[in-house]
Amino acid sequence: MDNVNNEYRRYPYCVVWTPIPFISWLFPLIGHMGITTSTGVIRDFSGSFYVAEDDMAFGYPTKYWQLDVKHITGGSKAWDKAVNEASIEYFNRMHNLLCDNCHSHVGMALALMNYNKSKNWNMVKLALYTFIFGKYVSCSAWFKTWGPFIIFVFVCLALYSFGQLI
């Protein structure tokens, strides 16, 4: 497995994730996702007819899930080809928050490479796998993801407790 380099923000063979302000603050499992090339360059479907390269829509990755290139036939070339083909396809698509979004772009790339002998990569599966198998890039990245939610919960509990006292 190739090394992840947080300093240069290179995450080879990874699905990367970052929180979306306000939405992730209330629902920390929901966020923005991208997929990287074999050299770690990030590609993410950031909006209608646009796939960004190394410029994620909501900031640098806070979490990454490194995949094993051994689970695809063709190695690095097949990986990069699938990421590129998915990106070209998504340059021609409208962004839809619920049906055709950044998770769909990542899912298409994984399906095209037949990662782990599966063509069934959807939003729920990707979100769940990234949550379970993903690693935070740093402690501050963990806090960027979970801090606002924890503060929100404490504020709600404090308001609830205060309401009980009255």
Side-chain angles (χ1 to χ4, degrees), residues 1-20 23-24 27-142 144-145:
M1 197 76 72
D2 288 309
N3 290 337
V4 166
N5 187 328
N6 288 324
E7 182 181 353
Y8 293 104
R9 295 183 178 89
R10 289 292 176 246
Y11 309 93
Y13 307 109
C14 287
V15 171
V16 291
W17 185 93
T18 194
I20 300 172
I23 295 172
S24 300
F27 307 101
L29 300 181
I30 299 173
H32 183 66
M33 184 174 282
I35 190 165
T36 67
T37 63
S38 62
T39 59
V41 175
I42 301 167
R43 298 269 180 88
D44 69 301
F45 183 44
S46 297
S48 295
F49 312 111
Y50 184 66
V51 177
E53 186 169 296
D54 266 349
D55 187 25
M56 285 186 80
F58 297 98
Y60 298 122
T62 58
K63 200 171 189 179
Y64 65 94
W65 169 35
Q66 192 166 40
L67 304 175
D68 191 345
V69 72
K70 293 175 188 170
H71 290 284
I72 62 170
T73 304
S76 295
K77 286 184 181 184
W79 178 281
D80 287 338
K81 182 180 180 201
V83 170
N84 191 51
E85 286 178 9
S87 297
I88 289 169
E89 174 64 29
Y90 273 84
F91 265 115
N92 297 301
R93 291 198 184 190
M94 288 281 296
H95 189 278
N96 181 309
L97 188 61
L98 300 176
C99 300
D100 204 11
N101 55 36
C102 58
H103 290 68
S104 307
H105 169 245
V106 172
M108 175 180 271
L110 293 175
L112 286 170
M113 67 181 74
N114 200 25
Y115 184 77
N116 211 19
K117 297 181 181 160
S118 175
K119 298 237 180 237
N120 183 25
W121 293 95
N122 59 49
M123 289 185 280
V124 175
K125 185 176 181 179
L126 285 166
L128 185 64
Y129 279 28
T130 303
F131 178 72
I132 293 170
F133 301 115
K135 297 177 183 175
Y136 289 95
V137 300
S138 66
C139 290
S140 62
W142 181 91
K144 182 180 176 183
T145 301

List the atom pairs, donor and acceptor, that lie under 3.5 Å between side-chain atoms in residues 124-134 and the rest of the protein, sequence neighbours left out.
from	atom 1	to	atom 2	distance (Å)
Lys125	NZ	Ser118	OG	3.4
Lys125	NZ	Asn120	O	3.1
Thr130	OG1	Leu126	O	2.8

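Side-chain contact check for Tyr13 versus Ser38: some heavy-atom pair is nearer than 4.5 Å. Counting only heavy atoms from C-beta outward, the side chains of Ser46 and Met56 never approach each other to under 4.5 Å. At least one side-chain heavy atom of Val137 sits less than 4.5 Å from a side-chain heavy atom of Tyr11. Taking the side chain as every heavy atom from C-beta outward, Ile72 and Trp79 approach each other to under 4.5 Å. Residues Leu67 and Val15 have side chains in contact (heavy-atom distance under 4.5 Å, counting atoms from C-beta outward).
Residues Gly31 and His103 approach most closely at O-CE1, 3.1 Å, considering heavy atoms. Scanning all heavy atoms of the two residues, the minimum distance from Pro12 to Val4 falls at CD-CA, 4.2 Å. Scanning both residues, Arg10 and Thr39, for their nearest heavy atoms gives CD-O, 3.4 Å. Between His95 and Cys102 the shortest heavy-atom distance is NE2-N, 4.1 Å.
Taking a 6.0 Å sphere around OH of Tyr60, one finds it holds 12 or fewer heavy atoms contributed by other residues, nucleotides or ligands. Within a 6.0 Å sphere centred on NZ of Lys135, heavy atoms belonging to other residues, nucleotides or ligands number 12 at most.
Remark: Arg93 engages Glu89, Tyr90, Asp100 in a side chain to side chain donor-acceptor pair (under 3.5 Å) (not counting sequence neighbours).
Atom CG of Asp44 and atom CG of Asp54 lie 9.5 Å apart (nearest 0.5 Å). Distance check: Glu53 CD to Ile42 CD1 gives 10.0 Å after rounding to the nearest 0.5 Å. Phe58 CZ to Lys144 NZ: the interatomic distance, rounded to the nearest 0.5 Å, is 11.0 Å. Annotation: the span from Thr62 atom OG1 to Tyr136 atom OH amounts to 6.5 Å, rounded to 0.5 Å. A distance of 10.0 Å separates NE2 in His32 from CZ in Phe45, rounded to the nearest 0.5 Å. Summarising the geometry, atom CE belonging to Met123 is positioned 10.5 Å from atom CD1 belonging to Ile30; distances are rounded to the nearest 0.5 Å.
Of the possible donor and acceptor atoms, none in the side chain of Lys119 sits under 3.5 Å from a partner among the backbone N and O of Asn114.
Using a cut-off of 4.0 Å between Lys/Arg side-chain N and Asp/Glu carboxylate O, Asp80 and Arg43 are scored as not salt-bridged.
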Step-by-step side-chain contact (heavy atoms from CB on, under 4.5 Å) determination, Trp65 to Ile35: CA-CA 10 Å; Trp65 169 35; Ile35 190 165; over 6 Å; no
